[in-house]
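Below is one structure; the comments refer to it alone.
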Protein chains: 2
Amino acid sequence: MSIQHAILGFLSWKPHTGYELKKVFADSLSFHWSGNNNQIYGTLIKLHQEGLVTNEVVYQDKYPARKVYTVTPKGLETLRAWLGSEPELPELRNAFHIQLAWADLLGDPELYALLGRYESALETRLLMARETTRRGRPSPNRSRREAFLWRSIEENHLGHLESELAWARGVREGLGNLRYDPAREGSK
Amino acid sequence: MSIQHAILGFLSWKPHTGYELKKVFADSLSFHWSGNNNQIYGTLIKLHQEGLVTNEVVYQDKYPARKVYTVTPKGLETLRAWLGSEPELPELRNAFHIQLAWADLLGDPELYALLGRYESALETRLLMARETTRRGRPSPNRSRREAFLWRSIEENHLGHLESELAWARGVREGLGNLRYDPAREGSK
DNA sequence: CAAAGCATGTAAGCAGTTACATGATTGT
DNA sequence: ACAATCATGTAACTGCTTACATGCTTTG
């Protein structure tokens, strides 16, 4: 999986310039790429060489020329083939889990503080994500089915953040219970 | 976040060879790296150059010599500093979500099939993960607190898989309801 | 006798990131 | 005056992956 298919997807919705794609990625929840120049423009050039997209240069007098990219039939075919291909499982890479795995090296106050910072980072992100969802950016809505899929993906995203937050709070509670549990060995 | 801290963590538990680390990563749930040679051996060499680990070569007559790596005080300090540093948020990159985002290009049967394959891949992974958890590989257990943290991380992992599976099933159900909903526009 | 395990390492490449480079225009 | 927006592109780097390379030993 690479950003290539995501770009083809957006172009299958409607033509975009690199600059527009950049913004779409930058403020999307579910399309998780940073939307950096190198990747967007580089991928568009590569897709163009492979004949999966074409571009039309639109000159403007007040602003730089725009390259409007459109997907070709071959590009659509490539996208459709990918859509039908074997789905990948989510990666579940969470750097915080590694931090927590070795956090017994920390004292209780530091461990609590670490969990606390993770929780508040999650809270902030959740608020932003909810706000983004509430505002609802433009998204393809070509059928009830498509709208449902996009809504489902957004809900999945929010759900993951919520369950991660609930889990973190649970860990902190569990640590508290551990402290007052009579069956414990020497305190750290 | 890189594998460097994960390796320092394991060495803070007890000395390991590269070969051992490789296996630890390969069959761990929460340490999500593939455990490939280049990364393990390369990182160990780099850590050694930086003085964060030392190694002792143990010759064997039947097998190749082993390099047993031990963390240095400087390495422990580095690890502890990282543990106290700002936690990263999970990345939530799910290639399947991108596939689903553009899946309106597929017909109903293909879309169902795609969801079905995602579900069964998740089911398989869940079974393997539960089995791995049940068997319980050796893990640091230096305090009740550490055992609790490791258990929590494992539960988080299983929880994510379970909720993803539940979500996927929900999406499939929702699609079914959509089909029989009178308020729909032209069927795809 | 072939496959898997023990054990270390290197080469080549992909995907993604930040930062650099240019230059007019519009908003504060 | 300064920053942000419009718009495209390049350079340098990090992290991670697969595959290659070697060679002895144990298991099936």
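Letters go in sequence order (proteins before strands), and every chain restarts at 1.
Residues from residues 50-67 of chain A with heavy atoms under 4.0 angstrom of DNA chain C, sorted by number: A:K62, A:Y63, A:P64.
Below 30°, between 30° and 60°, or above 60°: for A:W150 and B:W102 the angle between ring planes is above 60°, a perpendicular geometry. Aromatic ring orientation, B:W82 versus B:H5: parallel (interplanar angle below 30°, classes split at 30° and 60°).
Note on B:K23: a side-chain N or O is less than 4.0 Å away from OP1 or OP2 of C:dC6. One finds no side-chain N or O of B:K22 lying less than 4.0 angstrom from the OP1 or OP2 phosphate oxygen of C:dC6.
Look at NE2 on A:H16: it is 17 Å from C1' on D:dT8, rounded to the nearest Å. Whole-Å rounding puts the B:K46 NZ to D:dT14 P distance at 8 Å. Distance CG (A:L21) to C1' (D:dG9): 15 Å, rounded to an integer number of Å. When the C1' atom of C:dG9 is taken as reference, atom CD of B:E20 falls 17 Å away, rounded to whole Å. Remark: C1' of D:dT17 and OH of B:Y41 are 16 Å apart, rounded to the nearest angstrom. In this structure, CD of A:Q4 is placed 8 Å from P of C:dA15, rounded to the nearest angstrom. B:Y69 places its OH atom 12 Å from the C1' atom of C:dA7, with the value rounded to the nearest Å. In this structure, A:D27 places its CG atom 14 Å from C1' of D:dT5, rounding to the nearest Å.
With a 6.0 Å radius and a threshold of 12 heavy atoms from other residues, nucleotides or ligands, B:E173 has its CD atom at or below the threshold. By the neighbour-count criterion of 12 heavy atoms within 6.0 Å, atom CD of A:E131 is densely surrounded, having more than that number from other residues, nucleotides or ligands.
A salt bridge links B:R66 with B:E20: the distance from a Lys NZ or Arg NE/NH1/NH2 to an Asp or Glu carboxylate oxygen falls below 4.0 Å. A salt bridge links B:E162 and B:R130; the closest N-O separation between the charged side-chain nitrogens and carboxylate oxygens is under 4.0 Å.
Following chains of ILVMFWY side-chain contacts shorter than 4.5 Å, one cannot reach A:Y41 starting from A:V24, and the two form parts of different hydrophobic clusters.
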Write down the protein N/O and nucleotide N/O pairs, taken from nucleotides 17-19 of chain C, whose separation is under 3.5 Å; answer none if there are no such pairs.
unit_1 : atom_1 : unit_2 : atom_2 : d
C:dT17 : OP1    : A:S34  : N      : 3.2
C:dT17 : OP2    : A:S34  : OG     : 3.0
C:dT17 : OP2    : A:N36  : ND2    : 2.9
C:dT17 : OP2    : A:Q39  : OE1    : 3.1
C:dT17 : O4     : A:N38  : ND2    : 3.4

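No hydrogens or angles considered: a donor-acceptor pair under 3.5 Å links the side chains of B:E164 and B:N94.
Considering only residues two or more places apart in sequence or on other chains, A:F25 meets the ring pair (Phe, Tyr, Trp, His ring centres under 6.0 Å) condition with A:F10, A:W33.
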